[in-house]
Amino acid sequence: MNQTTEGTASQTIKAEVDTLLLRAHAYAAFIALLIAVTFGIIISLQFIYPNFTADWLPGWGRMRYAHTQGIMLGWLGNAFLAFMYHAVPVLSGRPVTSRTLGLWLFGVWNFAVMIPGWILVLSGFSQPLEWAEFPMAVDIFVIVGLALAAYQFLPPFIRRGVTDLYVSSWYLIGGLVFTLLSYPMGNFAPEFVPGAAGAAFSGLWIHDAVGLFVTPMALAILYFVIPASTGKPIFSHFLSMLGFWGLFFLYPLNGTHHYIFSVIPMEAQMTAILASFLLGIVVIIVVSNLMLSQRGAGLIPKDIGLRFVSMAVVFYLIVSIQGSLQANMSLNQAVHFTDWVIGHSHLAMLGFATFAAIGGILHAWQRMPQARYNAKAFEWAYWLLVVGISVMVIDLTLAGIVQGQLWQDGSPWIESLQASRPYWIVRSISAIPVATGFIVLLIGMVTGERGAGANALAASHTAQTTDSLASHSELHDGARGLKMSYVVACAAGIVFFVLSVSLLGLLPRQVLEQQSVAMAPGSPLPYTAAEARGRDVYAREGCSYCHSQQVRYTEADIARFGAPTLAWEGRLEFPHMLGTRRIGPDLSRAGNTRTADWQYAHLYDPRALVPASIMPSYAQLFDGGATSPKRDAQDLVAYIDSLGRARELAYPEGDAAARTAAADNRWAQMSLDAPMLNAHPARTQARGNAPALEVTADVALGQRLWLNNCAGCHGEQAQGDGVAAQWLEPQPKNLAIREYSRSMLADVLWNGVHGSAMPAWRDLSSAERSALASAVQSFSAVEQEAANPGLLANGADVYARHCAECHGDNGAGNGFAAAQLPIAPTDLRGVRASLAERVRVLENGVAGTSMAPWTDRLSGEEIIAVAHYVGEFFTGTSNRSAP
Amino acid sequence: MITSIIVWGSLFAAAIFTVAYLLSPRLRAQVEQPKYQFQRQLENFDNSATQETKRGQQ
């Protein structure tokens, strides 16, 4: 049915609200919301229970894709469309273009965008771009939908004439037009512009999605519902227009603040930072006007639509100030990539925009005579949502501050996960009132008496045209002299958008291209076919949601990851995967850091290797075990192993040439002057130069570190039987049948064992490495065996003939053949296995190393003799006297 | 350079708009007019909806 009203003295008004389409979009919105929130809850639970998954459940990254697109397009898109079916006829005094068009729009938005979009991303067809996750095929339908929406809702304003447009109309028109312009830019450009230059366009879209789509629509609702519910005009239309133009000028200029301290030119970053600061000021003007417009409505308004809208105003103020602060460079270098950013986006989308959308829908719902309306349910929903979202946002803000602090002080990455766990638990708990609130809200819209809202409204309503309104009716005709100003204003809007794309998209692209050409090595290697396929797997599974691929130009990043990313390093990245969040560490230098078997084991069962890891298992990429990777897993590991390779191969000659080419670029110099190209703390390096361990050690700390970092491979009792041991070659050592000198442990913990899965642990402090070394020594049960001089002499002879070429004359692992071996021969001065183990090794060899079985070359006596002899090389302190 | 243009440009535009608003009663009336007109449209709509509801109740 349609609602219609006609006639005023100054203008004929025929506000025809298509309630069928309004209802359809409202129901679709809430269904999409519940689906998107379900995805959100599942992925939040996987932070706490990483194994909370099932064969039928898509991977974490895919659900994350579905979550964000569901909230933005499914929930907010439908909610805004629903509201426009109410607002546009009232604002313009004209009906929307047509119901048939509306049905097409509804069909396209839900059956060509949302359902296929969800199915595709869950099936692995997606774009690894924040707020642009649906694949390009779906993007085309989004643009069709936006074009249909423009054709549905803009003509009523044009037919009405554009003089004296109310601020909500400006926002609706602006939102429809600029989303239509910015969506293709943000969703397509990064597919064709590589690396950081593509990220510049992504940044624009990330902020345009909020600033030119969500915010204008939400503000249109606020400016609509507040005067409609209070019965009084807004405080100042002047301030509202000042805000409108300020926001439309500044929002598009904010985009690059998502990539502060990246390789994107600093001029673009500074522009975005400044625009973010100015935006905060404009928002204060907007919010002041909105709050003053509610005067007399009370702190918690009785009208339920106004109550939601009123809370949206509060959320808007907080989220905007928060955004301005987060763009500040000194704060940004600490909190970027943390959960505070996630809290910020939840406050924007679930706080500000969602409360505005609910307020708008309930306002319209209340005015539909046949709509079911359960006021009690709406009351409950309001409080559940206020509590739930507030707790969630505060919790994520605190989590972000803690994470930022730990990253800044160089703590091991895993500690940021362990410290975050309590916050992630609270976040998941806060989802209970949020989800319940949404369900109760929907219940309120399908239960209760039909027309109860309209009846209540009718009971409290008295027909009125106040004197104050009448006195202003005369002004209308007299003000037409400024009619052309609207044309100028429309042109200015287009100019703003073009300006933002030029300043923050096209110009950075040009600069980055010049840098790439000047600084790239002559023939950078392309991806192999396997690596290219692996990149697709990486993108498909949403790995870039947790692992950024950019070392930022900050001290903390340089210390933790190495040289900041140069422009040319992203030349093959279509689209870029710079990332906006780090749950795991940055991977831009991940290549040549871990062995393939470690990578497979880590993908198959992350917690087998890193007990505190929250990475989801990708067991579906394997045929039943980590040693049976399917092609996807092989490709993915090939891709990960290629990350950073080009820069590494260009180093140091390429960096020297680049230093000359970019002599006047101080940011590039910062990267080129970084002390280490790859500072990954786990990366193995040549033996020697390890800092000495402390003499005393904290036993409890050592045991804790052992369980958190070592037990997965070596086993809880260090017998080389950890869960991951079965997948690694060479297998982790059984430490119970070996004893180590502290200098050897200092070396291994600092440098790792190159060629094996044993990583370096340079991110542990000196005290932690000392404690861990003591824990290792405490596991040893090696007994000293008696040595017969004759036996030792025979052993020495055998050793000289067969072993010294690798292990060296003095057992130091430095024989003349040692340098040719993939895994360095054991330095027998620093480790001594039990006699039985020495014999076993001589008889069986060590799988995965160059140590072969010797039973066909040595007799049993010779094996016994040399086994005794090599034990004599050990120079370490006896285990039992170790601290 | 660009950032200076943005700062001074936006402040200048806002200042011009504000001064013109304060000094010109005609512009003030023009700028504030839409909120009153919108209020009338809202009231007409609500009146109409109320009448429709009351007719439905009868």
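In what follows, chains are A, B, ... by sequence order, proteins preceding strands, each numbered from 1. All values below were derived from every heavy atom in this structure, side-chain atoms included, with hydrogens, water molecules and symmetry-related copies excluded.
- Between the side chain of Gln33(B) and the backbone N or O of Asp164(A), no donor-acceptor pair lies under 3.5 Å.
- One finds the CG atom of Leu239(A) at 8.0 Å from the CD atom of Glu32(B) (value rounded to the nearest 0.5 Å).
- Inter-residue side-chain proximity for Leu242(A) and Tyr21(B) is flagged as unmet; no heavy-atom pair is nearer than 4.5 Å.
- The distance from the CZ atom of Arg367(A) to the CZ atom of Phe45(B) is 7.5 Å, given to the nearest 0.5 Å.
- Contacts with chain B were tallied for Glu267(A), Lys232(A), Met270(A); Lys232(A) has the most, counting heavy-atom pairs under 4.5 Å.
- Only the side chain of Leu278(A) has a heavy atom closer than 4.5 Å to any heavy atom of chain B.
- Only the side chain of Leu253(A) has a heavy atom closer than 4.5 Å to any heavy atom of chain B.
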So Phe38(B) and Tyr223(A), ring-ring contact (aromatic ring centres under 6.0 Å, His included) or not? Walk me through it. CA-CA 10 Å; Phe38(B) 174 59; Tyr223(A) 278 117; 9.8 Å; no
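- For the atom pair OG1 of Thr271(A) and CD1 of Ile5(B), the computed distance is 9.5 Å after rounding to the nearest 0.5 Å.
- Side-chain atoms of Lys35(B) come within 3.5 Å of backbone N or O of Ile234(A) as a donor-acceptor pair.
- The NE2 atom of His237(A) sits 16.0 Å away from atom CZ of Arg28(B), with the distance rounded to the nearest 0.5 Å.
- Both the backbone and the side chain of Ser236(A) have a heavy atom closer than 4.5 Å to some heavy atom of chain B.
- In this structure, no portion of Phe496(A) lies under 4.5 Å from any heavy atom of chain B.
- Within the 4.5 angstrom heavy-atom criterion, atoms from both the backbone and the side chain of Phe238(A) approach chain B.
- Side-chain atoms of Gln39(B) come within 3.5 Å of backbone N or O of Pro227(A) as a donor-acceptor pair.
- No more than 12 heavy atoms of other residues, nucleotides or ligands lie within 6.0 Å of CZ in Phe277(A), so this atom counts as exposed by the packing criterion.
- Between the OG atom in Ser10(B) and the CG atom in Leu250(A) there is a gap of 6.0 Å [rounded to 0.5 Å].
- In this structure, the side chains of Val167(A) and Pro34(B) stay at 4.5 Å or more apart for every pair of heavy atoms.
- Between the CZ atom in Phe224(A) and the CG atom in Leu42(B) there is a gap of 5.0 Å [rounded to 0.5 Å].
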